[in-house]
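Down below is the structure, laid out as structure tokens.
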Amino acid sequence: MSVRVRFAPSPTGYLHVGGARTALFNWLYARKHGGKMVLRIEDTDAARNTEAARSAILDGLRWLGIDWDEGPDVGGDVGPYFQSQRQEIYDRHLQQLEAAGRIYTEDTGAVRFRFSREPITVHDLVCGDVTFAATEEPDMTIRRPDGSYIFHFVNVVDDLEMGITHVIRGEDHLSNTWKHIDLFNALGQSAPTYAHIPLLLNPGGSKMSKRDEGAAIANYQEEGYLPEAVFNYLCLLGWTPRAEQEKLDRETLVALFDASEIHSSNARFDLSKCQWLNAQYLRALSDEALFAVARPFLVHAELQIEDEAMATAAVASVKEKVSLLSEFPEWVHYFFKDDSPYESDVVSKLRSKPENASLLETAAETLEAVDEWTEASIQSAIAAAAEKEEVKVGALMPLLRGALSGQMRGPGVTTIAFLLGREKTHQRILQAVSLI
RNA sequence: GACCCUGUCGUCUAACUGGCUAAGACACCCGACUUUCUAUCGGGUAACUGCGGGUUCGAAUCCCGCCAGGGUUGCCA
């Protein structure tokens, strides 16, 4: 029997990291075993079921590169893939339960499922065999008086109808799984194989909630994470790929994935490691690819991109210094704007010695005299200025850095000057001198 | 309360069926390098493996008890 897994989010208006990781583990399992990934929208709660809420989930999944073989937008043989459109299917299964004598209707009109009240064992790929004693809970409601159905029932019916072979979901469902198995049995079917994966906890140690930093996948996109980095990081929580390094691409992760190696203890979410991984991915990009992904962030910061080649080089010049795309503007804005203020440590550096003015003026002169504007010629012009002023090159460089960029950090000074061009280089040095 | 899952550096995790000095990554600290850095390189702090018993020549690993954290216990999903 070929593998069929599913991710079944309810439309809440955003994709939660925990949900994303659940989707991701399902996806890995499907791809690893050549199975099908089904996406089903659990929108039985009409109040929350909006188009915007639904697309937020789909967008999040697509951004992460998690695709589905059946579900919204792609269709499939066992649809519809929205629970809100499956009423007749549920009605049919309710009748089946009725025929089996397993339901009864309350005075209020709600329908309850009669538990078998026998011990039930969940055979779980992650947690092993977990046995629940015969329950003493009241029978569970599966249909409301208004005719709509409750989660546990529709979830089971859909998994059954959609031929789901493996249910990979958060551990918060483990305690209710016996109810699902009871339902499967009552419908004369055997339950799928379960794998309950550990929960994602916030740094405080409780279940990640909407409010926690990093809870919504859309935030990662906005803050300049690359989807492959987030994908990679999420894999590392609760599962250890057996590899030399931790930066691993999708194909490798699929190849290494083994559901039985998923841990059973919860994991806290560590944003700084996710950032570190993102930095690794940024560095691995070509200059062109990096510029393509950084560009929207430059535009958002209102930097005017006139010369693409220059902009590409500017972004590339700080590639190793940045871990999020959103950090680029603050590192490169002076390549695009002339009115960026000098940072305070730059001003104090410039004013630290009275002779700094003449040093810079000399540099301006030797740079003006350069024939061809290349990094090499810029380097020798600066060296010449230093020699003329009888100081070390190392004494002049920081001044020039501050004068040209307004910052005491950044790419090499010759690179800054080269990318700025002869004219702006000259202007900015004189501007700095006027500040002294 | 009851039931379920879990417990190794601050965090994520290693440690084959019990066997080297409990390993790595992130973070942090220090140093070096460099014209600078949130970069790079090097080094370091950090876990009596939750606690207490037991089995064993030997326990992170097996057993018991306790404690702690998380989860479930809806006419939410």
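Below, read A as the first sequence line, B as the second, and so on, with proteins coming before strands; counting in each chain starts at 1.
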Complement of [N], any strand, by Watson-Crick or G-U distances under 3.5 angstrom:
{"N": "C28(B)", "value": "G44(B)"}
{"N": "U55(B)", "value": "none"}
{"N": "G1(B)", "value": "U73(B)"}

Y194(A) ring center near H196(A) ring center (under 6.0 Å):
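Yes - the distance between ring centres of Y194(A) and H196(A) falls below the 6.0 Å cut-off.
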
Could you tell me whether F328(A) and F291(A) have their ring centroids closer than 6.0 angstrom?
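Ring centres of F291(A) and F328(A) not closer than 6.0 Å.
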
Check R283(A) with E320(A), please: is the shortest side-chain N to carboxylate O separation under 4.0 Å?
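No, this pair does not count.
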
With the threshold set at 4.0 Å, does a side-chain nitrogen-carboxylate oxygen contact exist between R40(A) and E70(A)?
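Salt bridge: no.
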
[X] [atom1] to [N] [atom2]: how many Å, rounded?
{"X": "F115(A)", "N": "C3(B)", "atom1": "CZ", "atom2": "P", "answer": "17 Å"}
{"X": "L201(A)", "N": "G7(B)", "atom1": "CG", "atom2": "P", "answer": "13 Å"}
{"X": "H196(A)", "N": "U6(B)", "atom1": "NE2", "atom2": "P", "answer": "13 Å"}
{"X": "E171(A)", "N": "U72(B)", "atom1": "CD", "atom2": "P", "answer": "9 Å"}
{"X": "Y233(A)", "N": "A25(B)", "atom1": "OH", "atom2": "P", "answer": "16 Å"}
{"X": "N266(A)", "N": "G50(B)", "atom1": "CG", "atom2": "P", "answer": "16 Å"}
{"X": "E137(A)", "N": "U72(B)", "atom1": "CD", "atom2": "P", "answer": "13 Å"}
{"X": "Q245(A)", "N": "U13(B)", "atom1": "CD", "atom2": "P", "answer": "19 Å"}

Please confirm whether the shortest side-chain N or O distance from [X] to OP1 or OP2 of [N] is below 4.0 Å.
{"X": "T44(A)", "N": "A77(B)", "answer": "yes"}
{"X": "R242(A)", "N": "A15(B)", "answer": "yes"}
{"X": "T141(A)", "N": "C75(B)", "answer": "yes"}
{"X": "H263(A)", "N": "U13(B)", "answer": "yes"}
{"X": "N176(A)", "N": "U73(B)", "answer": "yes"}

First of C274(A) and F132(A) reached from the 5' end of RNA chain B, by closest nucleotide:
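Between the two, 5'-proximity favours F132(A).
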
Which comes earlier along RNA chain B counting from the 5' end, the contact point of F151(A) or that of K273(A), where each point is its nearest nucleotide?
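Nearer the 5' end of the strand: K273(A).
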
Nearest-angstrom distance, [atom1] atom, [N] to [M]:
{"N": "U11(B)", "M": "G70(B)", "atom1": "P", "result": "14 Å"}
{"N": "C41(B)", "M": "C9(B)", "atom1": "C1'", "result": "24 Å"}
{"N": "U49(B)", "M": "G19(B)", "atom1": "P", "result": "15 Å"}
{"N": "G53(B)", "M": "G43(B)", "atom1": "C1'", "result": "41 Å"}
{"N": "U45(B)", "M": "G31(B)", "atom1": "C1'", "result": "14 Å"}
{"N": "C20(B)", "M": "C64(B)", "atom1": "C1'", "result": "30 Å"}
{"N": "G58(B)", "M": "G50(B)", "atom1": "C1'", "result": "23 Å"}
{"N": "A68(B)", "M": "A27(B)", "atom1": "C1'", "result": "25 Å"}

Would you classify [X] as touching base, sugar-phosphate or nothing, given that sugar-phosphate means primed atoms plus P, OP1 and OP2, and contacts are heavy atoms under 4.0 Å?
{"X": "T108(A)", "value": "base"}
{"X": "F269(A)", "value": "nothing"}
{"X": "S175(A)", "value": "base"}
{"X": "P145(A)", "value": "base"}

Pi-cation contact, F115(A) with K179(A) (under 6.0 Å, within 45°):
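Judged by the rule (NZ or CZ under 6.0 Å from the ring centre, within 45° of its axis), K179(A) is not positioned above F115(A).
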
Cation-pi check for F231(A) against R250(A): NZ or CZ below 6.0 Å from the six-membered ring centre and within 45 degrees of the axis, yes or no?
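Ring-cation test returns yes.
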
As an exercise, state the distance from CE of M140(A) to CZ of F151(A), rounded to the nearest 0.5 Å.
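Reported value, rounded in 0.5 Å steps: 10.0 Å.
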
Among [options], the one nearest [X] by side-chain distance:
{"X": "S265(A)", "options": "U6(B), G24(B), C5(B)", "answer": "U6(B)"}
{"X": "L199(A)", "options": "G7(B), U73(B), G70(B)", "answer": "G70(B)"}
{"X": "L237(A)", "options": "A25(B), C76(B), C12(B)", "answer": "C12(B)"}
{"X": "R268(A)", "options": "U72(B), A27(B), U11(B)", "answer": "U11(B)"}
{"X": "S272(A)", "options": "C75(B), C26(B), G7(B)", "answer": "C26(B)"}

Could you note down all residue pairs passing salt bridge (Lys or Arg N to Asp or Glu O under 4.0 Å) where residues 392-419 of chain A supplies at least one of them, sequence neighbours left out?
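Of all non-adjacent pairs touching residues 392-419 of chain A, those that pass salt bridge (Lys or Arg N to Asp or Glu O under 4.0 Å) are E343(A)-R409(A).
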
Using the ring of each side chain (for Trp, its six-membered ring), is F257(A) parallel, tilted or perpendicular to W239(A), with breaks at 30° and 60°?
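F257(A) vs W239(A) ring planes: perpendicular.
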
At under 4.0 Å between heavy atoms, how does the protein contact nucleotides 35-42 of chain B? Give one character per nucleotide, 5' to 3', with B, S or -.
BBBBSS--

With sequence neighbours excluded, tell me which residues meet ring-ring contact (aromatic ring centres under 6.0 Å, His included) with F153(A).
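With neighbours one apart ignored, the set is Y149(A).
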
